[in-house]
Structure formats: structure tokens, C-alpha cells
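Following: one structure in C-alpha cells, then a few remarks.
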Amino acid sequence: MSTALSVAIIGAGPSGFYTAEHLLKQDLPIEIDLIDRLPTPYGLVRGGVAPDHQKIKSVTRVYDKIAAHPAVRFLGHVRIGTDLTRAELLTHYHAVVYAFGAQSDRALGIPGEDLPGSQAATEFVGWYNGHPDYREQRFDLGAPGVAVIGMGNVAVDVVRILARTPDELAATDIAGEALEALRSSAVRDIYMIGRRGPAQGAFTNPELKELGEMPDADIDVRPEELEGESGGDKAVEKNLETLRRFATKPRRGRRRTIYLRFLRSPLALEGVGRVERIVLGKNRLVQDGEGSLQARPTGESETLPVGLVFRSVGYLGTGIPGVPLDARRGIIPNVEGRVLNAPGQVAPGEFTVGWIKRGPSGVIGTNKPDAVESADLLLEDHAAGRLNPAPYPGRVAVDTTLAARGVRVVSWADWLRLDALERTRGKAAGRPRLKFTRIDSMLAALDGIS
Ligand code: NAP
């Protein structure tokens, strides 16, 4: 039996990798198993970051180095809750770090939200990124109008992908199915709807700017909607400047138009059998008791003709069986990363990191300090002998359990083969990679079954 500190990290996305990285920096005998339900690593870097942002995806090189460390194993295609339970993890590992992110989305709670044509932005993002969970999704791109609700960076991504030309998309690693569907898109008018004002936009400036630099899309911003104070906030001032510039930009008769509309809340989605229009209520801003500006209806409304509505009002963590969850907040209850079994009761040896720890906020890099915080607590508990006793630690026991259940574990070497195959398939089509979007195709490619 190994005497090393054994750690399971559940979720091979940015926060999981950064946790492993920090643990590896210590002078400590350690074994880390990085477990993911998918055969592929990188979490939202593969399944969330927009395909036209390939540069951002190059952060995976850092993760590859972490995975190549001799103390780290990747166990892909292993689902916690069924292939291994929480109780089994605690039998085999001194510490378990939940890093599985937020897998669902928040609803709007308005009439008509269940009509066909009303979708979550997260479904569209998963689909165009070739995430196996979303490959069966279909989006009707046959009507000219589309509304995207929300003013965050996910909404910006969705708007941009809808506005790109097929040639621009073909230069990316967008999923083959999505590329084909978007090729025949009839979308012309893309409305991005914010319930508050321009100063409250949740987008970051480089992402906002990109919307005004689309080769075949005009941008439409109404000057009268741009009243708003930066309050001395430099980032907000930059956004307001960019928006003011957009408002004076002449239309160039491009194929598509991106309309940014502020101070509007969706009231209802309407249509016979599917979404045909969205009713928006106009808002004004009022200060709440804590000094922040909230949207309040003015009583006026307007209707836009749209065939598709994407709600992009935040991801939501849904948890995994047996692991504590605060369902309202969509996070694992925790104190700075130490998991709580019940209010005030720390679960020994269980930690959390990333979006399932703090909620769906921040960019990739935000996960680094977050991972350091959780990993430092793990190390502190290790030093103090407070981790989980793990009566049967070690990899042999885990491997035996998985083998007994017939789980086809995908190793890092397997992933490197899949990666090479995807790149080769892409090359043939003049693209950076052509992703496998089905788990069974990935396994068949690995095991030589076609
Ligand atoms: P987000 O940044 O939290 O934005 C959510 C948006 O939805 C906000 O504009 C919010 O408005 C709005 N909203 C919430 N509830 C609403 C409702 N009921 N009705 C209307 N609007 C509502 O979330 P996100 O866009 O999903 O992004 C998640 C995180 O990933 C963010 O930190 C983001 O920066 C990051 N991300 C980064 C990139 C990048 O760096 N390129 C790309 C994608 C995502 P209020 O402000 O009024 O609440």
C-alpha cells in the first residue's frame, strides 16, 4: 500500500488542474487522480471557450504539463455517483476535491419559456463546442430575428458566433454539426438584451469591442440608451466609451446586425407552437438599500419578432449524487473551499474549487488563486492530521473497483491519441481540429473499432 497523500480531483477543468499544480509544488509524496466523466480533459476550455477564441484555448499547454507529471493520473470517462460513489472516494483517497463546475443554467421564469425556440445559451455553447451532452441539440436558425438575454461574456460569445460568416467559423475548431447548421443560417438581426443600463454590462471590454469589429455584421446602439455613470470605475468608463463609439458608427449594409438594447427585461415569449416574438418591458434604474442600481419596470413594453431566444443569465451548479449541494445558489456549501456536510460541520478531507465552490463567475485565471486557497487548506489539514483516514488508499483499489464495473477508463495517453486524431481529421478539412462529439466514437477510435 502506498504511503503517499492520495488526492482525487473531480473535474479536469481549469480549477482542477490549478489545484493539482499547487499540490505538486509542495515537497510531499503525493498521488493525484484527476477524474472526469468525459474522455476528454480541460472542462470549459474545450466545451465553453468560444471556438473563435483559439488563443485562449492555448492555456491547455499549461494543463498538459501538469498532467504529464509522474504523480498525476487522468481517469477520463469515470462518472462519480455511478462508476465510483462519494463513499468509495472517501475509502480510497485522503482528500477529494470537487472541481466539477456548473453544469446547468438559470431560467428566466417567464410565460412561454418552454416553447420550442426558447433555449439556454449554455446548450448552444455546448453544441457549437462539440460537447457530447449537447450534440443532439437542434437550433432553428430559419427566422431572421434572434434574441440573447443577458449582457455577460457568454451572451457576447453567442452573439458573435451567430454573427460570424461560415468562412470565419470554418477556420476554428467549431463542431462539424454546428458549422454545417450555421452555414445555412437565415439569422439577420441579433438582439442582445440587458435588463439594466450600459454601465452595468457584465461583459469585459475586449469582448465588447469585438462585437464592433465583425467582418460581416453591423452594430446598432441607441445613443439615448447610453446615459449612465461610470462612478469612477475605469473598466466601466472603457465600456461606455466603446458603446458611444458604436452608437456613432455608420451602418455599412452588412449581412447581419447586432443590436445592443439596454434597460429591457423579457416579459413573455409568444407564438403558436413555437417562439415567434419576445415581449420586452422597459426599465429604469433605481438604487436599492445597498446602493446598487436595480431595474424597475416603467410599465411600457415593446415586441420584437424573433424565432429563437437564448437565455444567458448565468450557469447553475447542479451537483453530483451524494455530494452536498446548496441548490438555490448552485454551489457545494463550503468555507473557503472546505466542504460543509451540514451548517458549520466540516466534512473531513473534502474540498471544493472553481464554479461549484464560488458560483459561475470570473475568467479562467480567476481559478488559479481560488485553487491555491482550497489546496492550501487541504495541505493545512494534511499537516494537522485532519484529512479523511481513507482505510484503503491507493490506486490499485480504485482500478480494481472500476475494472469490476467494466468502466473503460480513458488515460492521459489515450487522450493524447484522441487529440492527435482530432488534429489529423481537422487538417484534412483545413481546420485546427475536428472534434469527436460522441463518447462512443471516441472510445471506438481508441480501441480501433470503426
Ligand atoms: P454573467 O457575467 O454573470 O452575466 C449574466 C448576465 O445576465 C448579466 O448581464 C445579468 O444582468 C443578466 N441577468 C441575470 N439574471 C437576469 C434576468 N432574470 N433577466 C435578465 N437578465 C439577467 O454570466 P455569464 O455571461 O454566464 O458568464 C459567466 C462567467 O464566465 C463570467 O465571469 C464571464 O466573464 C466568464 N466568461 C468569460 C469569457 C471571456 O473571458 N471571453 C467568455 C465567457 C464567459 P445583471 O447584471 O442585471 O444581473
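Computed from heavy atoms alone, side chains included, the values below leave out hydrogens, waters and symmetry copies. We're numbering straight along the sequence, starting at 1. All ligand and atom numbering here is 1-based and tracks the order in the structure.
- Ligand 1 lies under 4.0 Å from heavy atoms of I149, G150, M151, G152, N153, V154, D157, R195, R196, A202, E207, S312, V313, G314, Y315, W355, P360, S361, G362, V363.
- Remark: F310 engages F124, F139 in a ring pair (Phe, Tyr, Trp, His ring centres under 6.0 Å) (not counting sequence neighbours).
- Pairs passing the side-chain hydrogen bond (donor to acceptor under 3.5 Å, both in side chains) check and including a residue from residues 9-20, sequence neighbours excluded, read Y18-Y63.
- A distance-only check finds a donor-acceptor pair linking the side chain of D233 to the backbone of A235 [under 3.5 Å].
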(request) Carefully, step by step, assess H53 and E210 under the rule side chain to side chain donor-acceptor pair (under 3.5 Å). (result) CA-CA 11 Å; H53 279 174; E210 236 183 318; 2.8 Å; yes

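- In this structure, D216 and R255 have side chains that are in contact, with non-hydrogen atoms separated by less than 4.5 Å.
- R244 meets the salt bridge (charged side-chain N to carboxylate O under 4.0 Å, His left out) test with E237; sequence neighbours excluded.
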